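Working notes for the structure below.
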Number of protein chains: 2
Amino acid sequence: MVILEELKKVASHPAADELYELVRRRLPRVSLGTVYRNLELLCESGMVRKLEYGGSQRRYDGDATHHYHLRCVSCGRVEDAPIKPVSEIEESLRKMSDYEIIGHHVEFVGICPECKRKAPRTATQTKRALRKEKKHGTERITN
Amino acid sequence: MVILEELKKVASHPAADELYELVRRRLPRVSLGTVYRNLELLCESGMVRKLEYGGSQRRYDGDATHHYHLRCVSCGRVEDAPIKPVSEIEESLRKMSDYEIIGHHVEFVGICPECKRKAPRTATQTKRALRKEKKHGTERITN
DNA sequence: GAACATATTGGTAATGATTACTATTTCTAA
DNA sequence: TTAGAAATAGTAATCATTACCAATATGTTC
């Protein structure tokens with residue numbers, strides 16, 4: 001319950017170790033394994049979504065309703081994209097494919113306002129950042 | 001060059017170790033490290049795309065043009081989705097967000113015809129599979 | 001409430017994909 | 001050919017995640 005509460009509190013889609021730190025403030029004796037284990041259970045029960053886009057760590061989302069994400073290639077933060085999902089796209093794919101379509105996920109990549117301000121980039125720098133960020137999201141929790 | 005050629009030959013979006021096996025048929029002395037290193041270089045030069053959707057392994061795509069993917073939750077295979085990308089979606093997000101939008105990726109999830117045939121699933125089974133498949137894509141190269 | 005069965009946890013070890021490292025090999029150009 | 005630079009093979013290190021297990025907590029029955 002604490003894990004779920006803390007996850008719902010933040011908008012940052014934290015990775016397991018980040019959430020572990022948050023939970024530890026309330027339950028100083030929890031173990032990282034417990035966090036992983038219960039995140040898995042919460043995912044299975046459909047209350048939490050596991051995000052597996054770029055980067056070396058998975059992120060967790062306390063909002064399990066269908067929505068898209070927006071990732072900053074510069075600092076690595078992931079936010080909810082402020083547009084509503086277009087489910088019609090699944091319909092159009094159904095017409096073209098023999099797959100039984102279950103769902104779809106969308107990730108936008110871009111540069112967040114803060115990073116734009118901090119370090120306006122040339123196109124080349126942006127491309128380089130876009131490559132780098134694959135390795136590991138740079139920024140951690142700020143919430 | 002051999003790495004790129006082999007990658008372009010297959011439609012299966014292989015993981016590094018799968019591609020390693022393919023390359024080894026032509027260059028029996030290559031090391032896995034060389035495959036990783038050159039895949040990285042090919043990605044940086046824009047000739048290869050790294051796919052970081054679900055599963056524990058990254059996949060590589062010899063087609064770097066913008067397109068969507070379709071993953072079977074049952075066997076883990078990843079194919080190109082036979083619909084063209086809708087770039088307008090980036091426009092609509094630009095109106096709603098202060099991010100500088102660079103691009104977007106879409107992954108559809110579903111059940112491939114073969115898996116549908118092999119093992120028609122109840123809704124519950126499908127959900128369970130959909131959870132499981134996050135852990136590790138089941139099927140490997142068949143090409 | 002005591003006695004027992006069951007479930008969950010903490011702590012640590014194992015796993016596995018990726019990256020880093022380094023001695024050796026291969027290329028390059030004068 | 002030969003010195004210097006670049007790439008490679010093979011192996012070690014890294015790090016997120018998972019597995020394991022003894023210990024603890026929780027629940028249940030009488």
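Note that the structure is a prediction, hence the values are computed from the model and not measured. Computation of the quantities below employed the complete heavy-atom set of this structure, encompassing side-chain atoms and omitting hydrogens, waters and symmetry-equivalent molecules. Convention: sequence-line order gives letters A, B, ...; per-chain numbering from 1.
- Under the 6.0 Å cut-off for aromatic ring centres, A:His104 and A:His66 qualify, their centroids lying closer than that.
- Distance, A:Glu52 CD to C:dA17 C1': 14 Å, rounded to whole Å.
- Between A:Arg58 atom CZ and D:dC15 atom C1' there is a gap of 13 Å when expressed in whole angstrom units.
- Distance, A:Glu18 CD to D:dT17 C1': 15 Å, rounded to whole Å.
- Contact check on B:Lys116 versus A:Glu100 returns no salt bridge, with no Lys/Arg side-chain nitrogen under 4.0 Å from an Asp/Glu carboxylate oxygen.
- Remark: the B:Glu107 side chain and the B:His69 side chain contain no N/O donor-acceptor pair separated by less than 3.5 Å.
- The interatomic distance linking B:Asp17 (CG) with C:dA17 (C1') rounds to 9 Å, in whole Å.
- Applying the 4.0 Å criterion to OP1 and OP2 of C:dT18, one finds that B:Tyr36 has a side-chain N or O inside that range.
- Whole-Å rounding puts the B:Glu40 CD to C:dA17 P distance at 17 Å.
- One atom, CG of B:Leu39, and another, C1' of C:dT19, lie 13 Å apart when rounded to the nearest Å.
- Each end of the helix from C:dG1-D:dC30 to C:dA30-D:dT1 yields a helix axis from five base pairs, and these two axes differ in direction by 20° (to the nearest 10 degrees).
- For A:Glu18 (side chain) and A:Ala15 (main-chain N/O), a donor-acceptor pair under 3.5 Å exists by modelled atom type.
- With hydrogens and angles ignored, the 3.5 Å screen pairs a side-chain donor or acceptor of B:Arg94 with a backbone N or O of B:Ile101.
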Contact state string [nucleotides 7-12 of chain D, B base, S sugar-phosphate only, - no protein heavy atom under 4.0 Å]
-BBB--
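- Under a 3.5 Å cut-off, the side chain of A:His13 and the backbone N or O of A:Val78 do form a donor-acceptor pair.
- The pair B:Lys9-B:Glu5 does not meet the salt-bridge criterion, since no charged nitrogen lies less than 4.0 angstrom from a carboxylate oxygen.
- A donor-acceptor distance shorter than 3.5 angstrom exists from the side chain of A:Tyr68 to the backbone of A:Val86, with no hydrogens or angles considered.
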